[in-house]
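See below for the structure under consideration.
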Amino acid sequence: MRVLATISDISRLGVVLDLESGASETIPVYPDFIDPTVKGRVGCRPFGITWSPDELFIANNRQLLVFDRQLEYLRTETTPLQINTHQLAYHSSRAWAVSPWTNSLIGVYPGSDIGAVEFALFGQNVRPYVPRETAEADDKWHFNSLLWAGGYLFVAAHNFDRPSFINRYDAETLRLNAIQDDAGVAIHGLALCDNELFWLSTKTGEIRSSLGYSLSLFKQGYARGFAMTREHFVVATSQFLCRDERCGGDSWIQVIDRRQGALAAEFHLPDTGSINDLRLLDEYDYAHCVNPFWVGSKAFEAPPPLYTRHGLREPSDVTISDVTISDDMIQECVGMKISSTQNQ
């Protein structure tokens, strides 16, 4: 079981770690990966990871970097993203990026002249993406993580010093149909398995779920980077540092036995700086729900969706509309637990 983690030490883009042997390899930072126009933040900040059947993508501020199956750099997509781009997920032939400063998702069609699109997460509209200058002050909820799974799009909001929440949208219509409020504090990462949604509550040091599961993490620090298999959680934890110090410090990747709720393995990664995100490369990851990039002994095809549009039962007091959702309708969704939707 091998994982790719994006790191913050400026000299390396990421680390590939074998979670059985402990062997590791690195992806170097090339000069073109450092953007001198980024002001007030580090010019190279690799974050989200996803892939198509043939190429792997890493978000690096405005850059969408493209790699081959051997993780050799190929190109940078021509469409610029935004400063502080967070997680990526591949869906319907697009690489979707969470953009906190625009409060939206940006969908790029890699290697194509087809234009990028932007989905406003509370404006409830999809429009052509127009690259533009934004600022940290424009970030209203600090959306940071996304997951396309089970006929839904889930998007997590850190929400600063307020309780975190998770929006759930219909994957076909992109209509908001539930909000899991009070999801924790400074949440990151999302995983869906057997009708249960999991995530990290970073500031409380827990793995939580939509069905009330809670497991305290075994390492204190800043937990960000989350993967999940049938048997294990994989959690990255870095030293808790101020933003301008996160290029230094150590990190750890822990493998946790889901059935026992026990620590199965821990790997210390010195001098990486903060880990920003991680993905399993060769085993199906319920926090990504994309077929593995590398074929391993435990890799398998994606399971069928847990929900279908014909088998979906919505909570009775949440109305799905064909028009733009109003503020009143959004309020109706607040508090509707994501776990309340089951197969009929």
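Quick caveat, the model's predicted, so the values are computed rather than measured. Heavy atoms only: backbone and side chains are in, while hydrogens, waters and symmetry mates are out.
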Report whether Leu281 and Met1 are members of the same hydrophobic cluster (ILVMFWY, side-chain heavy atoms less than 4.5 Å apart, transitive linking). no
Less than 4.5 Å apart, any side-chain heavy atom of Leu174 and any of Val126? yes
Would you say Gln124's side chain and Leu176's backbone share a donor-acceptor pair under 3.5 angstrom? yes
Evaluate the criterion salt bridge (Lys or Arg N to Asp or Glu O under 4.0 Å) for residue pair Glu133 and Lys39; output intermediate values, then yes/no. CA-CA 12 Å; Glu133 291 295 321; Lys39 305 301 182 184; over 6 Å; no
Do Asp285 side-chain atoms and Ala227 backbone N/O form a donor-acceptor pair below 3.5 Å? no
Please determine whether residues Val16 and Leu269 belong to a single hydrophobic cluster, defined as Ile, Leu, Val, Met, Phe, Trp and Tyr linked transitively by side-chain heavy-atom distances below 4.5 Å. no
Separation of Trp252 CH2 from Phe267 CZ (nearest 0.5 Å): 15.0 Å
Ignoring hydrogens and geometry, is there a side-chain-to-backbone donor-acceptor pair from Asn144 to His86 under 3.5 Å? no
Test item: Ser99 side-chain N/O and Gln82 main-chain N/O as donor-acceptor pair under 3.5 Å: no
Rounded to the nearest 0.5 Å, what separation is found between the CD1 atom of Ile207 and the OG atom of Ser216? 9.5 Å
Partners passing side-chain contact (heavy atoms from CB on, under 4.5 Å) against Tyr73 (at least two apart in sequence or in another chain): Tyr30, Phe33, Leu65, Phe67, Thr76
Run Thr134 and Ile83 through side-chain contact (heavy atoms from CB on, under 4.5 Å) and show every step you take. CA-CA 8 Å; Thr134 55; Ile83 294 175; 5.7 Å; no
So does Asn84 get a backbone contact from the side chain of Asn61, meaning a donor-acceptor N/O pair under 3.5 Å? yes
As a quick check of understanding, evaluate side-chain contact (heavy atoms from CB on, under 4.5 Å) for Phe119 and Leu153, giving each step before the final call. CA-CA 12 Å; Phe119 172 49; Leu153 165 65; 4.1 Å; yes
For His288, check ring-ring contact (aromatic ring centres under 6.0 Å, His included) against everything at least two apart and list the hits. Trp51
Flag for Glu118-Ser104: side-chain donor and acceptor within less than 3.5 Å: yes
Here the pair of heavy atoms bringing Ile34 nearest to Cys44 is CG1-CB, 3.9 Å
Phe293 ring centre to Arg69 NZ or CZ under 6.0 Å, with the angle to the axis within 45°? yes
If the condition is side-chain hydrogen bond (donor to acceptor under 3.5 Å, both in side chains), which residues does Ser209 pass it with, not counting sequence neighbours? Glu196
Under 3.5 Å, is there a donor-acceptor pair linking the side chains of Arg224 and Asn276? yes
Rounded to the nearest 0.5 Å, what separation is found between the CD1 atom of Ile7 and the OG atom of Ser238? 10.0 Å
Only one of Val98, Leu146, Leu64 clears side chain to side chain contact (heavy atoms under 4.5 Å, CB included) with Leu88; which? Leu64
Do we see a donor-acceptor contact under 3.5 Å between the side chains of Thr85 and Arg45? no
Arg168 NZ/CZ over Tyr152 ring centroid, <6.0 Å and within 45° of normal: yes
Roughly how far apart are Leu190 CG and Gln180 CD, rounded to 0.5 Å? 10.5 Å
Would you kindly confirm whether Met228 and Leu19 end up in one hydrophobic cluster when ILVMFWY residues are joined by side chain heavy atoms under 4.5 Å apart? no
Which atoms form the tightest heavy-atom contact between Tyr90 and Ala95, and what is the distance? CD1-N, 4.0 Å
Distance only, no hydrogens: is a donor on one side chain within 3.5 Å (strictly under) of an acceptor on the other, for Asp257 and Gln260? no
Could you check whether any side-chain heavy atom of Ile58 comes within less than 4.5 Å of a side-chain heavy atom of Pro46, counting everything from C-beta outward? yes
Give the C-alpha distance, both sets of side-chain angles, the deciding distance and a yes or no for side-chain contact (heavy atoms from CB on, under 4.5 Å) between Tyr169 and Leu121. CA-CA 9 Å; Tyr169 305 85; Leu121 289 164; 3.5 Å; yes
So, the side chain of Ser214 versus the backbone of Arg208: is there a donor-acceptor pair under 3.5 Å, distance only? no
Is there a side-chain contact between Leu147 and Cys289, using heavy atoms and a 4.5 Å cut-off? yes
Do you see a donor-acceptor pair shorter than 3.5 Å between the side chains of Tyr286 and Arg230? yes
Check: Ser24 side chain, Leu17 main-chain N or O, donor-acceptor pair, under 3.5 Å: no
Can you confirm if the NZ or CZ of Arg258 lies within 45° of the ring axis of Phe198 and under 6.0 Å from the centre of its six-membered ring? yes
Would the distance check show the side chain of Ser21 and the main-chain N or O of Ala23 forming a donor-acceptor pair, the cut-off being under 3.5 Å? yes
Is there side-chain contact between Ile256 and Val235, with heavy atoms separated by less than 4.5 Å? yes
From Ile106, Leu105, Val108, Ile114, residue fulfilling side chain to side chain contact (heavy atoms under 4.5 Å, CB included) relative to Arg94: Ile114
Quick one: CG on Asn167 to CD1 on Ile179, what's the gap to the nearest 0.5 Å? 5.0 Å
Please check: side-chain N/O of Gln87 versus main-chain N/O of Trp96, any donor-acceptor pairing under 3.5 Å? no
Between Phe165 and Phe122, how do the two ring planes meet: parallel, tilted or perpendicular, split at 30° and 60°? tilted
Under 3.5 Å: donor-acceptor pair, side chain of Gln239, backbone of Asp250: yes
May I ask you to decide if the ring planes of His188 and His158 are parallel, tilted or perpendicular, using 30° and 60° as cut-offs? perpendicular
Between Asp35 and Thr37, is any side-chain donor less than 3.5 angstrom from a side-chain acceptor? yes
Looking only at side chains, do Glu77 and Tyr109 share a donor and an acceptor under 3.5 Å apart? no
Show the numbers, then the answer: is there a side-chain contact (heavy atoms from CB on, under 4.5 Å) between Leu4 and Leu278? CA-CA 5 Å; Leu4 170 59; Leu278 63 79; over 6 Å; no
For the CG atom of Leu217 and the CD atom of Glu206, what is their distance to the nearest 0.5 Å? 8.0 Å
Side chains of Ser274 and Ser8: donor-acceptor distance under 3.5 Å anywhere? no
Pair Glu25-Arg2, salt bridge (Lys or Arg N to Asp or Glu O under 4.0 Å): steps then yes or no: CA-CA 11 Å; Glu25 299 179 4; Arg2 291 168 291 180; over 6 Å; no
